[in-house]
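All ligand and atom numbering here is 1-based and tracks the order in the structure.
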Amino acid sequence: MQIVLEGIDLRVVRLPLAEPFVTAHGTRRHREVVIVRAVSADGPAGWGECVAEPEPTYWPEYSAAALHVLEHHLVPRLLDGRSLREVRGNQMAKAALECAALDAGLRAEGRSVAAFLGATRPVVPTGIALGITRTVDGLVDAVVRWRDRGHRAFKLKVRPGWDVEPVRAVRDDVGDEIALLVDANGSYRSDNPDDLATLGRLAAPDLGLVAIEQPFAPDDLVGHARLARQIDVPVCLDESIGSLGDLDTALALGACGAVSLKAGRVGGLVEARRVHQRCRDAGVSLRCGGMLETGIGRALNLAVAALPGCNLPPDLGPSSRYFSTDLTPAFDSRGGTMIVPSGPGLGVEPLAEVLDDMTVSQRTLRAAT
Ligand code: MG
């Protein structure tokens, strides 16, 4: 694929969330992301979304830093024909730029991102991620509400003090008809006996969890490996896996029974494809993780979720779950499933008027002529 780029537009957009989202790290009411547009010399433009959050609490990158590294280090290299690999880390910024450039190329070829990745499913199941609620009843009500709309898989955020009790309440109320996993975002400690006891209780067979995601800090692969030997529920790694190299280390240690795959966190679609293949070769389950993406990132996630190795519930719901107004035409769900875009590239584009309305700042970098 040969794409000649004329320039790159970088925009910061800010969308109000449909409802506040609470995790181990805090409460979010807006989603602010960097949107990248790759302008090709003689073909369609391509789009990418940088999934970095405003604060570096999930991942070291954050949106203002990602914008800076894009503007001053990544875009100039790309427009100059140099490799993005010269820059260390900064996976989310790299992934957004790679996605925009690839999207432009794939649109020109009439090929979908799903086909590029090797996705095989035209339709994928939804998975609804639910944050920490004020009360246990509030959480159970939320699960029931989504279950009644046809959704059959849920990810519950947990942290010390909000774990076994709410998960048990959900399981007792809803029964075995739903798939459940929990995500701790690294909020437990592998050297704390109370935390280990709690995780053991979360892994009890009657709770029927399909995975426990990122119980410990990202760099605590040894702790994850130890836990994986003690419980029967797969330990799913998210923040620990920033590259294929991280995955190989986790596999060598036996730290990883499943991977939450996010193209942004591993540095792009090409690396995501490699991570997916390595997991399949190793017999490790995958799930498509989410970062409260707008429609641009959601289109990409639908393609990732459609990969043959993604056999665990994704973080994937209709646009209305997250935003009252999305950047793209809204993605809808039907009976707990969503359709994977099959059009060229990402298969969707931002709505120009909505994009302009939500744009906080914008700059354009042009290739030298
Ligand atoms: Mg996670």
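- A salt bridge is defined here as a Lys NZ or Arg NE, NH1 or NH2 lying under 4.0 Å from an Asp or Glu carboxylate O, and Arg11 with Asp356 meets this definition.
- Side chains of Lys157 and Ser187 form no contact here, defined as non-hydrogen atoms less than 4.5 Å apart.
- Contact record, Arg107 with Trp47: NH2-CD1, 3.9 Å, taken as the closest heavy-atom pair.
- Listed by chain and number, Asp183 OD2, Glu213 OE2, Asp238 OD2 are the protein N/O/S atoms closer than 2.8 Å to the Mg ion (ligand 1), with waters left out.
- A 4.5 Å side-chain heavy-atom check between Met338 and Leu302 finds at least one atom pair inside the cut-off.
- Taking the side-chain hydrogen bond (donor to acceptor under 3.5 Å, both in side chains) definition, one finds that Arg265 meets it with Asp238, sequence neighbours left out.
- Under the side chain to side chain contact (heavy atoms under 4.5 Å, CB included) rule, Leu247 has a single partner from Leu237, Val275, Val284, which is Val275.
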